[in-house]
Amino acid sequence: METLLLPFSPRFIVLTICAVVTALLIGIGLADGKIFDILLIPIAIFGALTLLGVRDLMQKSHAVLRNHPISAHIRFLLEEIPEMRQYFFESEKDGMPFSRDTRSLVYQRAKMELDKRPFGTQEDVYREGYEWMHHSVSPKTHAEEKFRVTIGGPDCAKPYSASVFNISAMSFGALSPNAVRALNAGARKGGFAHDTGEGGFSPYHREMGGDIIWEIGSGYFGCRHLDGTFDPEAFARVASQDQIKMVELKISQGAKPGHGGVLPAAKVSEEISKIRGVTMGEDCISPASHRAFSTPTGMMQFIAEMRRLSGGKPAGFKLCIGHPWEFLAICKAMLETGIYPDFIVVDGNEGGTGAAPLEFMDHLGMPMREGVNFVHNALVGINARDRIRIGASGKIATAFDMARAMAIGADYCNSARGFMFSLGCIQSLSCHTDRCPTGVATQDPTRARALYVPLKIDRVHNYHHATLHSLTELIAAAGLEHPQQLRPIHFSQRTSTTQVRSFAQLYPSLRPGELLEGTEDPRFREAWQMARAETFQPAP
C-alpha cells in the first residue's frame, strides 16, 4: 500500500499544524460568535493551506509536490513569475536574454536618468570572449549631428535618409495597439524609422505618422488575395502612401529561420483577423517560404516589382543567413539580372521577439555578427557593396552593440527588444501567452491600458536620443567622426586568458571583386561554386 505521509517528516508536521490551527480557529469562533467574523480570514488561509497540502499529497502528476510540497510551490512560483528571479536573485550581469545591467541602462536612458556606473566594471575582462573597443590618444570633439545613412541605390527614385538606429520589425498583433502607437510616435519625434513587422501597416501605425518601413512576409498581410497569394494592386495602394519610406521583403527572421511567422491563437483578436485577413481562434501562421517566387532570380524580380509598385522607394529584404550558397546564389542572381536590392537587413539567431520552438531559437541560423560580416564580404566580392546598405538586427541595445556591428559591416542597426524595454517591458518572458504584465505584448485591452502612450512616447524618443549620444562619445573617443569609419581593427576579443585577437583577424575581409575573380577564402570558395542563380539548390 502506498504511503503518502511519514510521521514527523517536515510536510507531515506542516500539514498537521495547518489542520490543527484551522480546527482550533473554527472551534473558537463557534464557541464565541462575537469574534467569528474576525477569525474568518485566518480560518480561510489555514483551511486553504490544509486543503492544498492534502491535494498535493494525493495528486500523482508532480512527484516533487508529493515529496517536497513547500519547496515545490516556491519553485513553481519562481517559474511563473520570472521577474521575482530578476529582482531577488540575479546579479547585475546575470539574466538572459538581456542582463539586468543592460535592462537598467535602457530604463535609465528612457527616463533620462543618470546612466553612469560607479566603482569600475563588473565584467571579468580576462575571461574568454571579452571584447573591447580601442580608443585614441587624440580623440575627436563629439559630433553634433545625428548620424544618418542614405538608403537607395541607382535604381531607387526616392532614397531615404535613415537614422543609424531604428525600431526593428515587430508586428501589431504581437504588440498591443498602445505599444505600436508609442513606438511610432516616438520614432516621429526622434526622426527615425519604425519597421511594421510582417503583420501589416495597421491603423495604429497610420495614426501617429512616424516614418514606416513596411515589411512583407510570406503571408502577404495587407496585400493578399483571399487565397493568401500576393496582390500587387493592394500592395501599390499601401506602399505609395507618403508615410511609408521603404519596403522590405522578409525571407526569414532570427528567432525561427525557415519556420515562418507565428501569432498564437490567443492573440488573434477580431481586429487582427480583419487587418490580416485570417480566421479568429486559430494560430496565424505565415508559410515558411514565399509563393510569389521560388528562385534567386525570381526573388530579385519580385524586389524590383516592389520598388516599382511603391513608386521607386528603397526596396530590400531581411534574412537570417543559413546555407551560405543560398545567399551567394542571390548574389549571382543580382549579377545575372542586373537587379540589386537597396538594402539587406541581416537578422541573427539571437533575435527573439517572435515566439519560436526552442530548437529553432537556440540552434538554427547564423548569429548576427557572422551573418553581417558574411553578407558584407559577399557584396564586396561581387563589387556591389557601394550600392547596397546593410542593416544589423539581433540583440542590439547599447551604443557598443551598434559600434561593434558597424565595424564588421553594418551601415545601420535595428533594435526590437531594446525599444520594448523603453516601453516598460520587464522581460517577464510571457510575450507569446497574451499575459504580458506591462501591456507591451498583448491584445488584452485590460492589460494594454496599463501602457500610457503619452509618457511612453517620450521614453522611446529619449532612449533613441541617449543611445545615439553614447555612440557619438564612443566614436569620438576612437578618434573618428562617423560610425561608418569604424573597421574591424578598432575592436579586439580575448580568445583565451592569455591570447587576444583583433576583429580584423576574426573577421577577415575579401578584396573588391574577389568572388568574381575566384577566391581561395575557405568561407566562400566551395559555397560560391555551389551557388546558382536559377535555383536555391546547390550545384552537385
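Keep in mind that the numbers below use all heavy atoms, side chains included, and drop hydrogens, waters and symmetry copies. Nothing here was measured: the structure is a model prediction, and the numbers come from that model. Counting from 1, the numbers follow the sequence of the chain as shown.
- At most 12 heavy atoms of other shown residues, nucleotides or ligands fall within 6.0 angstrom of atom CG in Asp386.
- Using modelled atom types, no side-chain atom of Arg109 and backbone atom of Asp115 make a donor-acceptor pair closer than 3.5 Å.
- Within the 3.5 Å criterion, the main-chain N or O of Gly228 finds a donor-acceptor partner in the side chain of Arg291.
- You'll find the side chain of Ile475 stays beyond 4.5 Å of the side chain of His482, heavy atoms only.
- Note: Arg523 CZ to Tyr507 OH = 10.5 Å, rounded to the nearest 0.5 Å.
- Ring planes of Trp132 and Tyr130: parallel class, angle under 30° (limits at 30 and 60°).
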### Trace of the side-chain contact (heavy atoms from CB on, under 4.5 Å) decision for Thr498 with Tyr126
CA-CA 8 Å; Thr498 58; Tyr126 297 102; over 6 Å; no
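- Side-chain contact between Ile321 and Glu370: absent, with no pair of heavy atoms (C-beta onward) separated by less than 4.5 Å.
- When only modelled atom types and interatomic distance are considered, Arg501 and Thr495 share no side-chain donor-acceptor pair under 3.5 Å.
- Within a 6.0 Å radius of CD in Gln241, more than 12 heavy atoms belonging to other residues, nucleotides or ligands are found.
- Taking the six-membered ring where the residue is Trp, Tyr107 and Phe421 present perpendicular rings, their angle passing 60° and hence far from 30°.
- The closest side-chain donor-acceptor pair between Ser163 and His464 falls under 3.5 angstrom.
- At least one donor-acceptor pair closer than 3.5 Å links the side chain of Ser252 to the backbone N or O of Cys320.
- Side-chain contact check for Asn184 and His194: at least one donor-acceptor pair (N or O, by modelled atom type) lies under 3.5 Å.
- Of all heavy-atom pairs spanning Pro139 and Ser136, the tightest one is CD-O, 3.6 Å.
- Rounded to the nearest 0.5 angstrom, Leu516 CG and Leu335 CG are separated by 6.0 Å.
- In this structure, Glu481 contributes its side chain and Lys140 its backbone to no donor-acceptor pair below 3.5 Å.
- In the displayed structure, His225 atom NE2 is contacted under 6.0 Å by more than 12 heavy atoms of other residues, nucleotides or ligands.
- Between His465 and His469, the ring planes are parallel. Angles under 30° get that label, and only those over 60° would be called perpendicular.
- One N or O on the side chain of Ser171 and one on the backbone of Glu198 form a donor-acceptor pair closer than 3.5 Å.
- Residues Phe165 and Phe192 keep their aromatic ring centres 6.0 Å or farther apart.
- A donor-acceptor contact closer than 3.5 angstrom links the side chains of Ser393 and Ser168.
- Of all the heavy atoms in Ala169 and Asp195, the pair that sits closest is CB-OD1, 3.4 Å.
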### Query
Stepwise, does the side-chain contact (heavy atoms from CB on, under 4.5 Å) test hold for Asn349 with Met366?
CA-CA 6 Å; Asn349 72 351; Met366 191 178 288; over 6 Å; no
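- The distance from atom CE of Met334 to atom CD1 of Ile382, rounded to the nearest 0.5 Å, is 5.5 Å.
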### Task
For Trp214 and Glu248, run side-chain contact (heavy atoms from CB on, under 4.5 Å): C-alpha distance rounded to whole Å, both residues' side-chain angles, the deciding distance at 0.1 Å, then the answer.
CA-CA 6 Å; Trp214 185 25; Glu248 175 182 286; over 6 Å; no
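- Relative orientation of the Phe524 and Phe374 rings is parallel, given thresholds of 30° and 60° on the angle between their planes.
- The two atoms that bring Ser218 and Ser289 nearest to each other are CB-O, 3.6 Å, heavy atoms only.
- Remark: Lys332 qualifies as a cation-pi partner of Trp528 under the 6.0 Å distance and 45° angle criteria applied to the six-membered ring.
- Using a 4.5 Å heavy-atom threshold, the side chains of Val180 and Leu183 count as separate.
- Contact of the Met406 side chain with the Val372 side chain is not registered, since no non-hydrogen atoms from C-beta on lie closer than 4.5 Å.
- Aromatic ring centroids of Tyr220 and His290 lie under 6.0 Å apart.
- Checked against the 6.0 Å centroid criterion, the rings of Tyr463 and Phe419 qualify as a close aromatic pair.
- Using modelled atom types, one side-chain atom of Lys395 and one backbone atom of Pro97 make a donor-acceptor pair closer than 3.5 Å.
- Atom-to-atom distance recorded for His205:NE2 and Ile213:CD1 is 11.0 Å, nearest 0.5 angstrom.
- Judged by a 6.0 Å distance limit and a 45° cone about the ring axis, Arg387 is positioned over the six-membered ring of Tyr340.
- Asn377 CG to Ser509 OG: the interatomic distance, rounded to the nearest 0.5 Å, is 5.0 Å.
- Formation of a donor-acceptor pair under 3.5 Å by the Lys313 side chain with backbone atoms of Ala239 is found in this model.
- Ring geometry, Phe293 versus Phe302: the interplanar angle falls from 30° to 60°, so the pair is classed tilted.
- A salt bridge links Asp342 with Arg307: at least one charged nitrogen is closer than 4.0 Å to a carboxylate oxygen.
- Side-chain contact check for Ile303 versus Leu249: some heavy-atom pair is nearer than 4.5 Å.
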### Message
Quick one, Gln537 with Glu326, criterion side-chain contact (heavy atoms from CB on, under 4.5 Å). Give me CA distance, side-chain angles, the key distance, then yes/no.
### Response
CA-CA 7 Å; Gln537 298 301 313; Glu326 291 183 342; 5.8 Å; no
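- No side-chain donor from either of Asp101 and Ser104 sits under 3.5 Å from a side-chain acceptor of the other.
- With Asn373 contributing its side chain and Arg369 its backbone, the two residues share no donor-acceptor pair below 3.5 Å.
- Rounding to the nearest 0.5 Å places CZ of Arg117 at 8.5 Å from CD of Gln122.
- Taking the side chain as every heavy atom from C-beta outward, Tyr412 and Ile151 approach each other to under 4.5 Å.
- Side chains of Asp411 and Arg385 form a contact here, defined as non-hydrogen atoms less than 4.5 Å apart.
- The shortest non-hydrogen separation linking Ala403 to Met133 is CB-SD, 4.3 Å.
- A distance-only check finds no donor-acceptor pair linking the side chain of Arg494 to the backbone of Gly129 [under 3.5 Å].
- Separation of the Phe491 and His134 ring centroids does not fall under the 6.0 Å cut-off.
- Within 6.0 Å of the CD atom in Glu517, the count of heavy atoms belonging to other residues, nucleotides or ligands exceeds 12.
- Here the side chain of Arg511 pairs no donor or acceptor atom with the backbone of Thr519 at under 3.5 angstrom.
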### Task
For Phe503 and His490, run ring-ring contact (aromatic ring centres under 6.0 Å, His included): C-alpha distance rounded to whole Å, both residues' side-chain angles, the deciding distance at 0.1 Å, then the answer.
CA-CA 8 Å; Phe503 271 28; His490 294 116; over 10 Å; no
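- Note: Phe536 and Trp325 fail the aromatic proximity criterion, with ring centroids not under 6.0 Å apart.
- A side-chain donor-acceptor contact under 3.5 Å links Ser99 and Thr102.
- Look at Lys318 and Glu215 and you find a salt bridge, because one of the NZ, NE, NH1 or NH2 atoms lies within 4.0 Å of a carboxylate O, short of that distance.
- Counting heavy atoms from C-beta outward, Ile344 and Ile388 have side chains that approach closer than 4.5 Å.
- Considering every non-hydrogen atom in both Pro488 and Ser502, the closest pair reads O-OG, 3.8 Å.
- Taking a cutoff of 4.0 Å between a charged side-chain nitrogen and a carboxylate oxygen, Arg224 and Asp231 do not qualify as a salt bridge.
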